[in-house]
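We use all heavy atoms of the structure for the numbers below, so side chains are in, but hydrogens, waters and symmetry mates are not.
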Amino acid sequence: MASIRSRAHLKARQTKPVQMPEPPMEAGEAFGRKVFGLKAMRKRLPKDAYKKLADTIREGKRLDPEIADVVANAMKDWAIENGATHYTHWFQPMTGLTAEKHDAFLSPAADGQVISEFSGKMLISGEPDASSFPSGGIRSTFEARGYTAWDPTAPAFLIDGPCGATLHIPTYFYSYSGEALDRKIPLMRSLSALSRQSQRILRIFGNDKVTNVRAMVGPEQEYFLVDSNLAALRPDILLAGRTLIGAPSPKGQEMEDHYFGAIPSRVMSFMQDVENELVALGIPAKTRHNEVAPGQFEIAPVYEDANNACDHNMLTMNIMRHLAPRHGFVCLLHEKPFAGVNGSGKHNNWSLCSSDGQNLLNPGSTPQDNAQFLVSLAAALLGVPIHPTALPRGTGGAGNHHRLGANEAPPAILSVYLGEQLADVLENIINGGHAKNRENPVMEVGVSTLPPLPVDLSDRNRTSPFAFTGNKFEFRAVGSSQSIAPVNIALNAAVANALDEIATELEAALAGGSTLNQALQDLLPRLFREHMPVVFNGNGYSSAWPEEAAASNLPNYHDTVSALEHYTDPEVMDVFLRQGILSEREMVARQEILLENYARTLMIEGHVMADMVRSLVLPPAREEETKAASVLIAVKSAGGDDSAEKEYFNDLNSNIRELQNGVKKLEDALALTAGTEDALEQARIARDNILPAMETCRAHCDALERLIDDSLWQLPKYSELLWAH
């Protein structure tokens, strides 16, 4: 009789692709049809109200509260016409996910009837019960007040349900005492600081027309798809989002034949379904392909301003998770769902764009553009080495812990890759402006042009955590399940501080009578000289690099807890305090939240593993042990050579005994962690006790999986999970 596992595998193999209907309209016409953006606003708002709101969205001007009722009424009418029955303030609390509470548009009227109601006050603010969201001690659990406030720079959108749509309004989330309880507020503060300091630099270069500078972001989202029939038999996938046990598949990614290969039909159907939804929501999905590991894929959008990019990435992850079951899949966004094959990251491509269309990280072809580029580059180099802990804080987590530092992801040491050509340019500036292979040997950065720099300055260095790629930086360390807000908050803050320092020095030099060229000639060689140690163009996986980095005083935090311990160091806090991006209280709270999340994640995984060992691994192992003992006795009784049977029995017996001891140590570690109240100490105990105990249990579980009769093993194996598409 077929086992439950074999039946699930057969069903997975027989699942057909969902036939997607033809798109109701062309992509250009469909793009943003579920978004109350500028196109819809222009049609529905009075001209004056539209202009004021458009100025807020485009230029960051303060919203005129007088237009709130007009906007709310137009937004409500648009939403209802498109099938909406409810609205929600959509926000991003410190859970790492999104949150929403739905309210109906209908309100009772005096005559016993109902009316559709949505006022400016209802649009601008809300009061969800905030007592159960992480606050890091900012509020007590019995204090329920938290507030949502409309973010007018992010468009409202519709999410369809089975019986009607819901209007989602992107909002901020803050406490009764005014502290940020989300990631959007500090992100917007960081964007404001970055714009403010960038404009100071542009004014020094004579550009008074720029009204704002935006950080532009494009996150590349990696993910795994697992057949839902098989996932249903894996408590670890359902509860932890990853496999906690599992022997390697006979075939993994060794042949590199999955990467960029033909997309399986079921997966293609899922991708098209997701992309159709993203197009309707105004999310510019551009790229799709198979990734390195079997069962792994990627979707990437076109660049957007950082606020919308963060919102859209959270929405993309939600949509992928929600649409996957329609296609018979579970979408795994965990950073390391399978041991032995590549995990999933989310490369964060970051650049700066001014309101007049300049990319400040584009080397350009004119002297003034070159100088602006060099100042922007200097700010990045100045920001990274001064704030090496502030940037990794955006990538710490229990999931990313398994990925960072391995040969599939950037090392834990934060360095900058520039490529040989650009590194040579900086060395020339450091050494007095003597350029190589040029008719005029002197490079005056404010007057002469740089050597021609192609968009692709060099081959790509996949081992660098922060690589310059022609006209942007690619921060490669973000985990696939993580919000991109924290890393962009840290990156914006670090560069804003660096621009502040550079602008202050240049302004002082100009006020003292220096020319801009003289000031730059004095400043840039010194900055590049001081901060070139952070530039590393070599192999980040080499054994020599950590020693070289240590000699340059670059920190190397091997795990999440080690990095988070330094989250509230004075020099790290200064990164965020100086520009008003986070207060000291908010910083301390976020450290506690991240440490608690780390410890709780490991505790959940530990409990799931202990349950699986006791209910799904040891029972078939003992049954196999009994069978093996019977065979051994029979062979011995018959006077035959029982060496093979004895070896097999001893292997089973040894792994069972060691697994029993291991799961007891795991349960002891879980109890020890749960009995600790201090967040940092709890995270340390989880790291030092739960993780090693889980690794021990896993080694014996995986050994038993290879030993036990296949018909007795009920957990779907890696060969089935990774290849059933």
Are [X] and [Y] close enough that some pair of their side-chain heavy atoms sits under 4.5 Å apart?
| X | Y | result |
| --- | --- | --- |
| Leu225 | Cys331 | yes |
| Glu474 | Tyr417 | no |
| Pro465 | Ser415 | yes |

Can you measure from [atom1] ([X]) to [atom2] ([Y]) and round to the nearest 0.5 angstrom?
| X | Y | atom1 | atom2 | value |
| --- | --- | --- | --- | --- |
| Ile138 | Tyr174 | CD1 | OH | 14.0 Å |
| Arg214 | Leu352 | CZ | CG | 12.5 Å |
| Met314 | Ile484 | CE | CD1 | 9.5 Å |
| Leu332 | Met320 | CG | CE | 10.5 Å |
| Phe576 | Met587 | CZ | CE | 5.0 Å |
| His347 | Phe475 | NE2 | CZ | 11.0 Å |

Is it the case that the side chain of [X] and the backbone of [Y] share a donor-acceptor pair, with hydrogens and angles ignored and the cut-off at 3.5 Å?
| X | Y | result |
| --- | --- | --- |
| Glu277 | Val274 | no |
| Asn207 | Arg203 | no |
| Asn471 | Leu361 | no |
| Asn488 | Leu491 | no |
| Ser269 | Val18 | yes |
| Ser355 | Thr211 | yes |
| Thr171 | Trp90 | yes |
| Asp151 | Tyr172 | no |
| Glu335 | Ser480 | yes |
| Ser198 | Ser195 | no |

Could you tell me if [Y] and [X] have a donor-acceptor pair between their side chains, going purely by distance under 3.5 Å?
| X | Y | value |
| --- | --- | --- |
| Gln579 | Asp500 | yes |
| Ser344 | Gln296 | yes |
| Thr88 | Asp103 | no |
| Asn400 | Thr560 | no |
| Gln372 | Ser376 | no |

Just to verify, what does [X] make a ring pair (Phe, Tyr, Trp, His ring centres under 6.0 Å) with, not counting sequence neighbours?
| X | result |
| --- | --- |
| Phe270 | His327 |
| Trp150 | none |
| Tyr87 | Phe105, Phe118 |

Would you call [X] and [Y] a salt bridge, taking side-chain N to carboxylate O under 4.0 Å as the test?
| X | Y | answer |
| --- | --- | --- |
| Asp273 | Arg326 | yes |
| Asp69 | Lys121 | no |
| Lys184 | Asp311 | yes |
| Glu220 | Arg476 | no |
| Glu117 | Lys76 | no |
| Arg578 | Glu501 | yes |

Query raised in the report: Which class fits the ring pair His102 and His168: parallel under 30°, tilted 30 to 60°, perpendicular over 60°?
Result: perpendicular
Report task. Take Thr98 and Asn318 through the test side chain to side chain donor-acceptor pair (under 3.5 Å) and record every step on the way to the result. Result -> CA-CA 8 Å; Thr98 59; Asn318 287 348; 2.9 Å; yes
Requested in this report: Decide yes or no on side chain to side chain contact (heavy atoms under 4.5 Å, CB included) for His334 and Ser481, but give the supporting numbers first.
Outcome: CA-CA 6 Å; His334 193 282; Ser481 70; 5.8 Å; no
**Report entry** Partner set under side chain to side chain donor-acceptor pair (under 3.5 Å) for Gln221, not counting sequence neighbours
**Finding:** Asn313, Lys346
Report task. Output all residues satisfying side chain to side chain donor-acceptor pair (under 3.5 Å) with Lys39, sequence neighbours left out; order by chain, then residue number. Result -> none
Query raised in the report: OH of Tyr303: more than 12 outside heavy atoms within 6.0 angstrom?
Result: yes
Query raised in the report: How about Phe329 and Tyr223: are their ring centres within less than 6.0 Å of each other?
Result: no
Solution key, residues 280-289 side-chain donor-acceptor pairs under 3.5 Å, sequence neighbours excluded:
residue, atom, partner, partner atom, Å
Arg288, NH1, Glu275, OE1, 2.5
Arg288, NH1, Glu275, OE2, 3.4
His289, NE2, Glu298, OE2, 3.3

